[in-house]
Amino acid sequence: MGGIERIAVIGAGTMGSGIAQVCAVAGKQVTLIDMGPAQLESARVRVQDSLRRVVKKGGLTQADAEAALTRIHSAPRLDAAADSDLVIEAIFEKESIKAETWIQLESCCKPQTLFASNTSSISITKLASVTKRPERFIGMHFFNPVPVMKLVEVIRGNKTSPETTAAIVALSKELGKTPVEVNDYPGFVSNRVLMPLINEAAFAVFEGVATAEAIDEVFKLGMAHPMGPLTLADFIGLDVCLDILNVLFEGFGDPKYRPCPLLKQMVAAGKLGRKAGEGFYKYEKA
Ligand code: CAA
């Protein structure tokens, strides 16, 4: 399997733009694809801001940052991924929408192109099954903020080949990340362990055990977490947390994953966390 030089990133949200940035900084040619022109424009601004922060703290020269930016090409159509060695999909976290996107990508990409999903909990084996290349399909789970967080959780689906895994592990290292290989079961490792912590913290608020602030202080000061679980839940998005808990609950059929009623109610009320201006905390701006 040759090296990965041309990468298409599908979805220009927070994760997609972060992934495009780290790939471009590593010297890859990146096509960032999104149907929405406004999303593509805000992705460019986000990448510029992030590169500025990296330059400011000496992680990159101004010239290298500018060169990286020129390696990111925006496109509004999926067939712009046709010549890529790898497609990384980072779109909305809904299985049917992801599956539909992969069916379209299957029809426009060359057969040897590797397919990777940045899903946080949807089964890689299921997504791979809608394509004709399950052995070249893998999970490549990045963490927000992508330019800062060192981990890539590499998820092997039931039919993912060792060659595909090796290529993605090698690429993750080229991107300056540390890949950790896991198998495809609900929530993988990251969210199988993180979401019950967040859910339990929500139950502690729900039952009046302590305030959100108190719970977060316990984890920041007692366990040296950079953010307490409820600040982190707001950062991730409470809707995303609820979706992942539902995947765990349905996937294992175990009541220990039942989402906290408070979390469900907050999502129903539109209190989705930082992006909505309110979650467990209030924020100045969405
Ligand atoms: N681009 C580039 N650099 C950035 C950045 C970005 N988008 N965001 C932050 N940084 C840099 C800053 O420049 C700063 O650098 P220095 O320390 O060298 O000055 C550093 O990161 C820290 O940033 P700040 O000082 O602004 O703020 P902070 O110290 O509070 O750190 C944080 C912010 C890195 C987000 C930190 O709070 C943290 O690590 N939080 C936990 C994040 C986390 O757990 N993410 C995973 C979420 S789960 C997920 O993504 C996947 C899922 O499936 C749900």
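Numbering starts at 1 and runs along the sequence shown. Every number for a ligand or one of its atoms is a count from 1 in the order of the listing.
- A salt bridge links D243 with K94: the closest approach of a Lys/Arg side-chain nitrogen to an acidic carboxylate oxygen falls below 4.0 angstrom.
- A donor-acceptor contact closer than 3.5 angstrom links the side chains of D216 and T231.
- Using cut-offs of 30° and 60° on the angle between ring planes, the pair Y281 and Y283 is perpendicular.
- Under the 30°/60° scheme for interplanar angles, the aromatic rings of F137 and W102 are found to stand perpendicular.
- Cation-pi geometry between R136 and F115 is not met at under 6.0 angstrom from the ring centre and within 45 degrees of the axis.
- Residues of the protein with a heavy atom under 4.0 Å from ligand 1 are S50, R53, V54, K57, S120, H141, F143, N144, P145, P147, V148, M149, N191, P226, M227, L232, I236, listed by chain and number.
- We find that K220 and E217 are joined by a salt bridge, their nearest charged nitrogen and carboxylate oxygen being less than 4.0 Å apart.
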